[in-house]
Novice: 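One structure coming up, written as structure tokens, with questions to follow.
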Amino acid sequence: MLKIYNTLTHQKEIFQPIEPNKVKMYVCGMTVYDLCHLGHARVLVVFDAMVRYLRYRGYKVTYIRNITDVDDKIIQRANENNEHIADLTERFINAMHEDAAQLGVLPPDDEPRATASMDTIINMIQTLMDKHYAYQASGEKHGDVYYDVSAFAHYGQLSGKKLDDLRAGERVAVDTDKDDPLDFVLWKAAKPHEPYWESPWGKGRPGWHIECSAMSTCCLGNHFDIHGGGQDLQFPHHENEIAQSEAATGEKFVNLWMHNGFVRINDEKMSKSLGNFFTVREILKLYKGEEIRYFVLASHYRSPLNYADQLLDNARSALTRLYNSLRGLTLPEEPSMDDEAIQRFTQAMDDDFNTPEALAVLFDLAGQVNRLRESDTGTASQKAAVLKKLANILGLLETEPDVYLHGGINAASENEIEQLIHARLQARADKNWAEADRIRDQLTEMGIVLEDKAGKTSWRRA
RNA sequence: GGCGGGAUAGCAAAGUGGCCAUGCAGUUGAUUGCAAAUCAAUCUACCUCGGUUCGACUCCGGGUCCCGCCUCCA
């Protein structure tokens with residue numbers, strides 16, 4: 001019985017798809033004006049693992065993750081670079097796809113882009129105008145269209161906010177062109193030299209919130225199962241999406257809202273103003289994608305995730321242990337599925353995707369494999385196959401153990417390593433321990449760790 | 001000010017009313033030419049004060065501290 005925490009109701013709920021065995025899921029993707037940072041990586045990894053698990057559970061999942069490829073920051077960045085925004089966004093979309101692949105994130109079923117969804121967006125705004133949920137600004141900003149927050153009775157349901165409290169916050173900049181400071185923009189008139197699309201309200205571009213409403217309903221229908229994203233999108237972005245979509249369609253928008261926690265660095269929120277964020281690429285220079293993925297999944301998706309080099313080192317050691325247990329065994333094609341570990345794993349994942357608990361099951365299996373591998377290789381291989389299968393559901397251990405353990409970021413060539421190992425084996429055969437140790441020390445210097453087992457020497461990068 | 005989430009061993013991180021989480025690190029033993037890997041054993045826990053209970057880290061109440069959102073943000 002799969003239970004998922006629903007931000008809308010503040011509790012774990014038994015998951016019941018709208019259509020039996022089908023899951024329609026939308027996650028807010030990136031605004032592509034820069035490289036992915038760790039926060040983006042977390043969203044990508046966490047929802048990827050969920051989708052993989054849902055599929056393992058037998059659901060037919062339609063997973064949509066959008067791309068915001070037009071907005072103020074993109075325009076500004078393109079101007080700074082003196083390049084066309086399409087060139088800028090294409091570059092960062094490609095970079096994101098590369099980063100995602102490194103992290104073992106599978107492509108979504110569809111990846112709609114705002115600029116390719118203009119008709120849908122404009123139609124939805126028009127519907128909101130027709131239904132009197134939206135209005136054109138008065139005065140100079142006549143080309144802007146705003147959403148009338150007071151017209152939507154349930155505004156604030158997701159974030160647990162009341163309109164009056166929000167107004168009292170006084171952190172909303174007063175904009176005299178709006179009827180209410182909380183009203184938000186649906187269509188933004190183009191200033192000179194800005195990219196624009198034709199619309200009934202003149203040349204302009206969509207506001208950020210409307211594109212997600214339009215693209216999600218376009219891809220998944222008016223009413224779908226799961227909508228996810230980072231915690232910071234809960235308000236106002238997702239709140240506004242609900243207001244737009246439900247006002248436009250008259251139907252319930254989303255059953256289940258999911259929000260992942262932030263990434264922090266030294267217990268501070270990662271942010272550009274603090275200058276303490278890391279791009280995925282920077283980290284990939286030091287650690288493998290799978291190590292980053294493990295690091296992300298080692299915490300529950302709703303908890304804050306603190307970044308520290310030591311934790312990535314931890315992830316590396318942990319993965320090495322898992323791969324080591326798989327190493328040297330021939331796994332059966334299909335593992336027996338009656339293992340108690342599978343039940344524990346499923347129980348953990350069924351409980352709001354408890355990946356840390358699920359990982360603990362993997363380590364218990366690794367321990368069993370290690371204990372049995374000499375005395376009962378058959379059972380050990382069986383267990384190892386279960387371990388691999390379960391890990392694969394999380395997108396881990398997808399590489400061959402030797403490939404993973406031999407791969408790494410230091411430069412020593414395999415050929416060179418093999419030659420040194422060969423020389424050391426000869427020295428050992430001659431019982432020339434001093435020479436054997438000298439070679440091993442040399443390899444250690446090169447970042448290579450040796451393991452002598454049953455007359456054979458295997459190696460891995462530290 | 002409004003709303004929400006936390007406080008678990010050296011570090012990280014799950015979980016449960018009474019019995020082992022797990023990973024990394026440490027200590028000891030086995031194994032090894034010596035290591036590494038592995039196995040075994042082992043040391044470190046549940047912010048604080050009350051209450052409920054035969055029994056609470058786990059339930060309830062008060063306190064302290066930390067964090068997030070309310071503004072673009074994954």
Side-chain angles (χ1 to χ4, degrees), chain A residues 7 10 27-31 34 36-47 71-73 76 156 159-162 164-173 181-182 208 228-237 239 259-264 267-273 277 294-295 297-300 302-306 308 310-311 313-322 324-325 327-328 344 348 351 354-364 366-367 369-374 405 428 431-434 436-437 440-441 443-444 448-453 457-460 462:
Chain A
T7 310
H10 306 286
V27 169
C28 288
M30 263 190 95
T31 302
D34 208 341
C36 286
H37 63 239
L38 243 193
H40 298 112
R42 188 176 196 190
V43 181
L44 291 171
V45 166
V46 145
F47 285 101
D71 99 315
D72 292 354
K73 269 178 275 189
Q76 190 192 331
S159 50
K161 297 179 191 306
K162 299 187 188 96
D164 288 342
D165 292 341
L166 285 166
R167 291 192 187 102
E170 287 191 29
R171 296 186 61 182
V172 182
L182 296 176
W208 176 40
Q231 215 165 46
D232 47 352
L233 298 187
Q234 191 178 326
F235 189 90
H237 184 55
E239 193 70 62
H259 294 97
N260 64 272
F262 284 125
V263 176
R264 304 195 300 188
D267 291 317
E268 282 181 315
K269 178 181 168 177
M270 217 170 58
S271 85
K272 300 208 169 179
S273 55
F277 71 97
Y294 178 95
F295 160 71
L297 293 176
S299 295
H300 185 81
R302 285 192 282 119
S303 304
L305 175 63
N306 199 36
Q310 194 209 333
L311 298 177
D313 290 342
N314 253 339
R316 172 171 294 172
S317 304
L319 278 173
T320 300
R321 175 170 166 79
L322 293 177
N324 259 331
S325 77
R327 204 177 203 185
R344 283 177 55 210
D351 182 14
N354 191 339
T355 51
E357 182 78 31
L359 288 174
V361 175
L362 303 187
F363 287 102
D364 287 344
V369 171
N370 287 332
R371 254 167 272 140
L372 289 167
R373 68 188 310 142
E374 303 296 335
L405 294 164
R428 292 183 72 211
K431 294 201 189 306
N432 185 351
W433 307 128
D437 290 349
R440 188 170 57 197
D441 289 344
L443 283 161
T444 305
I448 304 302
V449 180
L450 298 187
E451 291 169 20
D452 297 329
K453 213 184 308 178
T457 296
S458 52
W459 61 276
R460 64 184 160 83

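Labels below follow one simple rule: chain letters A, B, ... track the order of the sequence lines, proteins then strands, and each chain is numbered from 1.
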Novice: Taking for each residue the nucleotide of RNA chain B with the nearest heavy atom, is it A:Glu357 or A:Ser159 whose nucleotide lies nearer the 5' end?
Specialist: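 Upstream on the strand: A:Ser159.
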
Novice: So what does A:Asp437 hit on the nucleic acid, given a heavy-atom distance under 4.0 Å: a base, only sugar-phosphate, or nothing?
Specialist: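 Result for A:Asp437 = base.
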
Novice: Backbone N or O of A:Asp313 within a donor-acceptor pair of the A:Ser317 side chain at under 3.5 Å?
Specialist: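 Between the backbone of A:Asp313 and the side chain of A:Ser317 there is a qualifying donor-acceptor contact (under 3.5 Å).
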
Novice: Answer with base, sugar-phosphate or nothing: what part of the nucleic acid does A:Gly367 contact at a heavy-atom distance below 4.0 Å?
Specialist: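 Sugar-phosphate: the residue A:Gly367, judged by heavy atoms under 4.0 Å, touches backbone atoms but no base.
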
Novice: From the set B:G23, B:C67, B:A13, return the single nucleotide nearest to any side-chain atom of A:Ser299.
Specialist: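 In terms of side-chain proximity for A:Ser299, the closest of B:G23, B:C67, B:A13 is B:A13.
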
Novice: Kindly give the heavy-atom pair with the smallest separation between A:Ala366 and A:Leu322, and that separation in Å.
Specialist: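 The pair with the smallest heavy-atom distance is CB-CD2, 3.9 Å.
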
Novice: The side chain of A:Arg460 lies closest to which of these nucleotides: B:A12, B:U22, B:A36?
Specialist: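 Nearest listed nucleotide: B:A36.
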
Novice: Between A:Lys453 and B:U32, does any side-chain N or O lie under 4.0 Å from OP1 or OP2?
Specialist: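 Result: no.
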
Novice: What are the atom names and distances for every N/O pair under 3.5 Å that joins the protein to nucleotides 29-31 of chain B?
Specialist:
none

Novice: Let me know the distance between CG of A:Leu233 and P of B:G68, rounded to the nearest Å.
Specialist: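 The answer, rounded to whole Å, is 16 Å.
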
Novice: If you look at every heavy atom in A:Ser159 and A:Phe235, which pair is closest and at what distance?
Specialist: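 Where A:Ser159 meets A:Phe235 most closely, the heavy atoms are OG-CD1, 3.2 Å.
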
Novice: Just how far, in rounded Å, is C1' of B:A36 from CZ of A:Arg321?
Specialist: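 In whole Å, B:A36 C1' and A:Arg321 CZ are 14 Å from each other.
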
Novice: Starting at CG of A:Asp452 and ending at P of B:A35, how long is that distance when rounded to a whole Å?
Specialist: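 Computing the A:Asp452:CG to B:A35:P distance gives 12 Å.
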
Novice: Does the B:A35 base have a donor-acceptor partner in the side chain of A:Arg440 within less than 3.5 Å?
Specialist: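 Such a pair is found, so the answer is yes.
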
Novice: Out of B:A36, B:A12, B:C70, which nucleotide sits closest to the side chain of A:Leu166?
Specialist: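 Per side-chain heavy atoms of A:Leu166, the pick is B:C70.
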
Novice: Which part of the nucleic acid does A:Phe262 contact within heavy-atom distance under 4.0 Å: base, sugar-phosphate only, or nothing?
Specialist: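 The answer is base, as A:Phe262 lies within the cut-off (heavy atoms under 4.0 Å) of a base atom.
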
Novice: Measuring to OP1 and OP2 of B:A14, would you say a side-chain N or O of A:Ser303 lies under 4.0 angstrom away?
Specialist: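 Looking at the OP1 and OP2 atoms of B:A14, one of them is under 4.0 Å from a side-chain N or O of A:Ser303.
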
Novice: Which part of the nucleic acid, if any, lies within reach of A:Lys162 when heavy atoms closer than 4.0 Å are counted: base, sugar-phosphate only, or nothing?
Specialist: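 No contact at all - A:Lys162 keeps every heavy atom at 4.0 Å or more from the nucleic acid.
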
Novice: May I ask you to decide if A:Gln231's main-chain N or O and A:Arg302's side chain share a donor-acceptor pair within less than 3.5 Å?
Specialist: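 No, because the side chain of A:Arg302 does not come within donor-acceptor range (under 3.5 Å) of the backbone of A:Gln231.
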
Novice: Does A:Ala348 offer a backbone N or O that forms a donor-acceptor pair with the side chain of A:Glu357 under 3.5 Å?
Specialist: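 A pair under 3.5 Å: no.
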
Novice: Considering all heavy atoms of both residues, which atom of A:Val43 and which atom of A:Cys28 are nearest to each other, and what is their separation?
Specialist: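 That closest heavy-atom pairing would be CG1-O, 4.4 Å.
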
Novice: Could you tell me whether the side chain of A:Asp232 has a donor or acceptor atom within less than 3.5 Å of a complementary atom in the base of B:G68?
Specialist: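 Per atom types, no contact qualifies.
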
Novice: Whether the side chain of A:Arg302 and the base of B:G5 hold a donor-acceptor pair under 3.5 Å is what I'd like checked.
Specialist: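 No, no donor-acceptor pair under 3.5 Å.
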
Novice: For the side chain of A:Asn370, starting at C-beta, report the closest nucleotide among B:C72, B:C39, B:G23.
Specialist: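 Among the listed nucleotides, the one closest to the side chain of A:Asn370 is B:C39.
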
Novice: Reckon A:Arg428 has a side-chain N or O less than 4.0 Å from the OP1 or OP2 of B:C34?
Specialist: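 The answer is no; no side-chain N or O of A:Arg428 sits under 4.0 Å from OP1 or OP2.
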
Novice: Would you indicate which nucleotide in B:A37, B:G2, B:G23 comes nearest to any side-chain atom of A:Tyr294?
Specialist: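 When the side chain of A:Tyr294 is considered, B:G23 is the closest of B:A37, B:G2, B:G23.
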
Novice: Can you give me the closest heavy-atom contact between A:Ser299 and A:Arg42, atom names plus distance?
Specialist: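 Minimum heavy-atom contact is CB-NH2, 4.4 Å.
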
Novice: Tell me what A:Asp313 touches on the nucleic acid: a base, only sugar-phosphate, or nothing, going by heavy atoms under 4.0 Å.
Specialist: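 Result for A:Asp313 = nothing.
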
Novice: Given that both pair distances must be under 3.5 Å and the pair must be Watson-Crick or G-U, what runs of three or more consecutive pairs involve RNA chain B?
Specialist: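 Stem segments, range with range: B:1-7 with B:64-70, B:10-12 with B:22-24, B:26-30 with B:38-42, B:47-51 with B:59-63.
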
Novice: Classify A:His300 by what it touches in the nucleic acid, base, sugar-phosphate, or nothing, heavy-atom distance under 4.0 Å.
Specialist: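 Sugar-phosphate: the residue A:His300, judged by heavy atoms under 4.0 Å, touches backbone atoms but no base.
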
Novice: Taking the nucleotide of RNA chain B with the nearest heavy atom to each, does A:Phe363 or A:Gln231 sit closer to the 5' end?
Specialist: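 Going by which nucleotide is closer to the 5' end, it is A:Phe363.
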
Novice: Counting only side-chain nitrogens and oxygens, does A:Asn314 get under 4.0 Å of the OP1 or OP2 atom of B:C11?
Specialist: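 The answer is no; no side-chain N or O of A:Asn314 sits under 4.0 Å from OP1 or OP2.
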
Novice: NA contact type, A:Lys431, heavy-atom cut-off 4.0 Å: base, sugar-phosphate, or nothing?
Specialist: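 If one applies the 4.0 Å heavy-atom cut-off, A:Lys431 turns out to touch nothing in the nucleic acid.
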
Novice: Closest approach of A:Leu359 and A:Leu297, non-hydrogen atoms and distance?
Specialist: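 That would be CD1-O, 3.7 Å.
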
